[in-house]
There are 2 protein chains.
Amino acid sequence: MSPKRHATATDVARLAGVSQSAVSRAFTPGASIAEETRLRVAEAARQLGYRPNAIARSLTTRRSRIIGVAASYLQNHFYPDVLEALSRGLQARGYQMLLFMPDAGRHADPQLQEVLAWRVDALILASTTLSSELADQCQAAGIPVLLFNRTSRAPSVSSVTGENLRGGRLIAEFLVTGGHRRLGFLAGIENSSTSRDRERGFCGWLEEHGHRPPLREVGLYRFDEASAAARRLLARPDRPDAIFCGNDHMATAVAEVARHEFGLRIPRDLSLVGFDDTGPARWPSFSLTSFSQPVQPMVDATVALVCEMIENPAAPTRHEVVRGELVVRGSARMPTEGCVSLAEQLVWRPAVVDAAG
Amino acid sequence: MSPKRHATATDVARLAGVSQSAVSRAFTPGASIAEETRLRVAEAARQLGYRPNAIARSLTTRRSRIIGVAASYLQNHFYPDVLEALSRGLQARGYQMLLFMPDAGRHADPQLQEVLAWRVDALILASTTLSSELADQCQAAGIPVLLFNRTSRAPSVSSVTGENLRGGRLIAEFLVTGGHRRLGFLAGIENSSTSRDRERGFCGWLEEHGHRPPLREVGLYRFDEASAAARRLLARPDRPDAIFCGNDHMATAVAEVARHEFGLRIPRDLSLVGFDDTGPARWPSFSLTSFSQPVQPMVDATVALVCEMIENPAAPTRHEVVRGELVVRGSARMPTEGCVSLAEQLVWRPAVVDAAG
DNA sequence: GCTAGGGTTGCATGCGTATGCAAGCTGGCG
DNA sequence: CGCCAGCTTGCATACGCATGCAACCCTAGC
């Protein structure tokens, strides 16, 4: 028993006593067809279990209505949330999602070739970048590329990110205002734009205000690496009294190590601040103070932008930055001033205007 | 500037001075073509940036090499892990993954239609079911369907699951052996096969051994619902001293509520056991005793089975059950006997053979 | 030198749908 | 009654690639 043939438009046409074109039009919204014919076709299609073949359709229309999506680091709860929102957003606009997972920390190039073979209408790369050659190749082919939570050195690739730079600065100010002087920074992936920008913001503010640079370790945005980094950091004689972790996922790792291996209490012995405001970080056990990257707004911006780029491939590159807040919870010592309630949350809004806006 | 035309096989053929067929053969492994010709074609293809069009290829071969994957409940860390493993597994076998997210707790039917339009080679539904009509429809169309972590009432749909029934029984025995008598059960989604089977195993063992049925609440496999259920359960005068949670995700919710709202200590005041052995449940803060559903073996079985079903669509339905272990950590009072070390883990292996195997 | 056979190649066609074009039909208006 | 406009419909073709078939070339064997 070979894979049974699907019913085709021609089969339906025969049964309904119309031409194949009529069947096609019956399934094309806005096409010129009499209501009566449309109904007759619909009935015949129902009888045969007919569904238009998206592959054949894409071949003629030269639009696949598929969007290639790359995602990695799904251990970080931020990304499953993003994936879910993205799926709904694209679905709502009539797009399908071809998902692939690049090797963490590397370019998405290899798997991308397979995805490009599907003539996707656009590419969304979450927490991933692509080589500039491939970026050029996509541009030459007229395929919009959108980086999510990353930016590219190649300025021609659009992106949607959170406020990495401002977040980093604000966290520096928050911790210093809270009275901390022995700061630590736990970097994510070294050559990722997010980690770089957060660090630049953090260290930039410190330097501008005459503070020593923080102790530094690398956690690669991974739980186990972050745990190891925490051990190194906390075992030092000049152990920091506050650590800014490149994201919430690493912050939870640090919290676990600090409490269960070093017997530290948070925030009494150690203040922690994360980035993302997502997942377990919000649970009472962690109650993480964190700069937020609001998933829904970021995904909304992504979907809107990618649709726009599909409509108008010649549109200029855009770098959308979605506003976040420093959400104050219990994992870091709280400054006496600057905390305001906002939408049932406490956020940090220092009164003094930052000189180096 | 309209979306630029991709180079086609004909373009490459012209440049290389061969026929379009030769180009096709150059990109078809095993096709009859002289090495020299293949190289000339490859060079021409490189110059033009040519990639075979997967859409056109699928139209002629009648195989898309795309597998539709449904996933929901991504808040439960189990599923992102599964998704990642699945992506790599399918990729390795040359399949792409068309991902969609059905509305939680409902049939996957609506979005499924769109996916079927792509003539996917198979469907994998994780934590989802489909209506029996649609199951029939897929069978009629010769599309293999595989349920992951669910079974269907319709016996004709294959599945890969963990040992839900045995796990439930073992957990009952574990808790009773540990001295617990006031048991609670936190159900997942009422009409999901996993929750039903785990409960059947749990309650079945209790009944067979003359114990009262557990107190029961429903958490719908969701964090907030599980939290609410935990509040109801723990506020009772006859509060349980041990709760079997339908999965780890809900168990963490219960742990949070128990500790931070009721001031209970785990496992001194309350024992918790989960299911899945995944994600935050393994962190020291939760250190959850849990029946494991090993992701990699489950995904391996899934990939193997789905490929087999594609090769041979007439193959009989199969229900693969992947073995798990009751991994013993710190969230539940430990029986004095029955714990053995296995691969650097403590697992519960009661000596007495279960009569009702 | 001739033939058989294996390895290559091109030709022609088909996959299932969308769509430009022209033909057919209908109704309204002069 | 004639004509024109507008709505439907069918015809024919194109989309880009795979593949059966026949033609071709080359080599080995006799």
Side-chain angles (χ1 to χ4, degrees), chain A residues 2-42 44-45 48-66 114 116-121 141, chain B residues 2-42 44-45 48-66 114 116-121 141:
Chain A
S2 75
K4 294 141 197 163
R5 272 177 47 97
H6 282 264
T8 72
T10 309
D11 299 331
V12 176
R14 196 165 339 175
L15 180 58
V18 297
S19 73
Q20 178 265 319
S21 324
V23 176
S24 170
R25 287 193 255 263
F27 283 91
T28 305
S32 166
I33 188 170
E35 181 62 14
E36 188 204 323
T37 314
R38 209 184 55 70
L39 289 177
R40 220 171 52 244
V41 169
L48 297 178
Y50 170 76
R51 280 250 111 202
N53 183 329
I55 294 178
R57 181 201 309 245
S58 297
L59 188 60
T60 62
T61 60
R62 302 155 143 279
R63 301 187 103 222
S64 63
R65 299 210 69 86
I66 289 184
E114 309 284 326
L116 288 178
W118 279 98
R119 300 299 187 258
V120 292
D121 288 346
Chain B
S2 74
K4 295 141 197 161
R5 273 177 47 97
H6 283 265
T8 71
T10 308
D11 299 333
V12 176
R14 195 165 342 174
L15 180 58
V18 297
S19 72
Q20 177 264 319
S21 324
V23 176
S24 169
R25 287 191 255 263
F27 284 92
T28 306
S32 166
I33 189 171
E35 181 62 13
E36 187 204 325
T37 313
R38 209 185 55 70
L39 289 177
R40 216 167 58 242
V41 169
L48 297 178
Y50 169 76
R51 280 250 111 201
N53 183 329
I55 294 178
R57 181 201 308 243
S58 297
L59 189 60
T60 62
T61 60
R62 303 154 143 279
R63 301 186 105 224
S64 61
R65 297 210 70 86
I66 289 185
E114 308 285 325
L116 287 178
W118 279 96
R119 301 298 187 261
V120 292
D121 286 347

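Only heavy atoms go into these numbers, but all of them, side chains included; no hydrogens, no water, no symmetry mates. These numbers come from a predicted model, not from an experiment.
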Report, one line per pair, each donor and acceptor closer than 3.5 Å where one atom sits in a side chain of residues 12-27 of chain A; sequence neighbours left out.
{"unit_1": "S19(A)", "atom_1": "OG", "unit_2": "S21(A)", "atom_2": "N", "d": "3.4"}
{"unit_1": "S19(A)", "atom_1": "OG", "unit_2": "A22(A)", "atom_2": "N", "d": "3.3"}

Ignoring hydrogens and angles, write down the donor-acceptor pairs under 3.5 Å from the side chains of residues 50-57 of chain B, residues two or more places apart or on other chains.
{"unit_1": "R51(B)", "atom_1": "NE", "unit_2": "Q113(A)", "atom_2": "OE1", "d": "3.3"}
{"unit_1": "N53(B)", "atom_1": "OD1", "unit_2": "I55(B)", "atom_2": "N", "d": "2.7"}
{"unit_1": "N53(B)", "atom_1": "OD1", "unit_2": "A56(B)", "atom_2": "N", "d": "3.2"}

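In this structure, the salt bridge (charged side-chain N to carboxylate O under 4.0 Å, His left out) partners of R38(A), at least two apart in sequence or on a different chain, are E35(A). Shown here are the side-chain hydrogen bond (donor to acceptor under 3.5 Å, both in side chains) partners of R65(A), two or more places apart in sequence or in another chain: there are none. For S58(B), the side-chain hydrogen bond (donor to acceptor under 3.5 Å, both in side chains) test picks out no residue, with sequence neighbours left out. Not a single salt bridge (charged side-chain N to carboxylate O under 4.0 Å, His left out) links R119(A) to another residue, sequence neighbours left out.
Here I33(B) contributes atom CD1 and R40(B) contributes atom CZ; the two are 9.0 Å apart, rounded to the nearest 0.5 Å. R63(B) CZ to T60(B) OG1: the interatomic distance, rounded to the nearest 0.5 Å, is 12.5 Å.
Contact footprint of chain A on DNA chain D: nucleotides with an atom under 4.0 Å from a non-hydrogen protein atom, first to last in 5' to 3' order, dT8(D) to dG16(D).
With the end axes of the helix from dG1(C)-dC30(D) to dG30(C)-dC1(D) each set by five pairs, the angle from one to the other reads 50° at 10° resolution.
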- What is the per-nucleotide protein-contact pattern of nucleotides 9-18 of chain C, from the 5' end, where B denotes a base atom under 4.0 Å from a protein heavy atom, S denotes such proximity for sugar-phosphate atoms only, and - denotes neither? BBBB-BBBBB
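Looking at every heavy atom in both residues, T8(B) comes nearest to D11(B) through N-OD2, 2.9 Å.
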